[in-house]
Amino acid sequence: MIVRTTQEITGTDREVADPKGNWVSKRIVLGGDGVGFSFHETTIKAGSVNDFHYANHIEAVWLVEGEGTLLNRDTGETYPLAAGSMYLLNDHDRHTVTAETEMRMLCVFNPPVVGTEVHDENGIYPLVTVPEQPNGKHANA
């Protein structure tokens, strides 16, 4: 069993901030935990515009606080976002999230991120393999 709080993650290497200051991601469950997905709490700054593209991951997002819009950059479709909205990037969709107010969201990634990934110039996380340990468990398990 794994039990963690966002308070204990704050200020550690599991808390990752956008270099531009637009968002902070608290990575609660990572690939090294050995469960097949990663789970994050991400807060996006009000007034920010954020381009993302997870070419190597499927992401599900549940918005728990805030308002904004989601743009599918491939189709031009836009969707309003508010608390209770969910979106699933099941086709590795290139997307833009515009935060009208501060947005807090819970995100699940498959395959899991390991925690060292950073967005490249296209907003993509690289695919990083979770290292196996000699005991057959994943690192950080």
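All figures in this text were calculated on a predicted structure; none of them were measured in a lab.
Closest non-hydrogen pair, I44 versus A99, comes out as CG2-CB, 3.8 Å. The two residues S38 and P112 come nearest to each other via the heavy atoms N-CB, 3.5 Å. In terms of heavy atoms, R27 sits closest to V16 at NH1-CG2, 3.5 Å. K26 and T10 make their closest contact through NZ-OG1, 2.8 Å (heavy atoms, listed as atom of the first residue, atom of the second, distance). Here the closest non-hydrogen pair linking A60 and L88 is CB-CD1, 3.7 Å. A pairwise comparison of heavy atoms in A83 and V64 identifies CB-O, 3.5 Å as the closest pair.
In this structure a side-chain-to-backbone donor-acceptor pair under 3.5 Å is present from D18 to N22. When atom types are taken as modelled, the side chain of N72 and the backbone of D74 share a donor-acceptor pair closer than 3.5 angstrom. Looking at T12, its side chain never comes within 3.5 Å of a backbone N or O of E8 through a donor-acceptor pair. In this structure, R4 contributes its side chain and I28 its backbone to a donor-acceptor pair below 3.5 Å. Judged by distance alone, the side chain of H92 and the main-chain N or O of I58 form no donor-acceptor pair under 3.5 Å. R73 places a side-chain N or O within 3.5 Å of a backbone atom of H95 that can act as its donor or acceptor partner.
Note: H40 NE2 to C107 SG = 7.0 Å, rounded to the nearest 0.5 Å. The CE atom of M103 lies 10.5 Å from the OG1 atom of T43; values are rounded to the nearest 0.5 Å. Rounded to the nearest 0.5 Å, atoms CG (D93) and CD (E59) are 10.5 Å apart. In this structure, L63 CG and Y87 OH are separated by 8.0 Å, a value rounded to the nearest 0.5 Å. How far OG of S48 is from CH2 of W23: 11.0 Å, rounded to the nearest 0.5 Å.
Using a 4.5 Å cut-off on side-chain heavy atoms (C-beta onward), V3 and M1 make contact.
Under a 4.0 Å N-O distance rule, the pair E41/R104 qualifies as a salt bridge. Salt bridge D51/K20: absent, no basic N to carboxylate O contact under 4.0 Å.
The hydrophobic cluster containing L71 does not contain L81, counting ILVMFWY residues as joined when their side-chain heavy atoms lie under 4.5 angstrom apart, directly or transitively. No single ILVMFWY cluster, assembled from side-chain heavy atoms under 4.5 Å apart, contains both V49 and F52.
Judged by distance alone, the side chains of T5 and Q7 never bring a donor and an acceptor atom under 3.5 Å apart.
With ring centers used as reference points, Y54 lies under 6.0 Å from F109.
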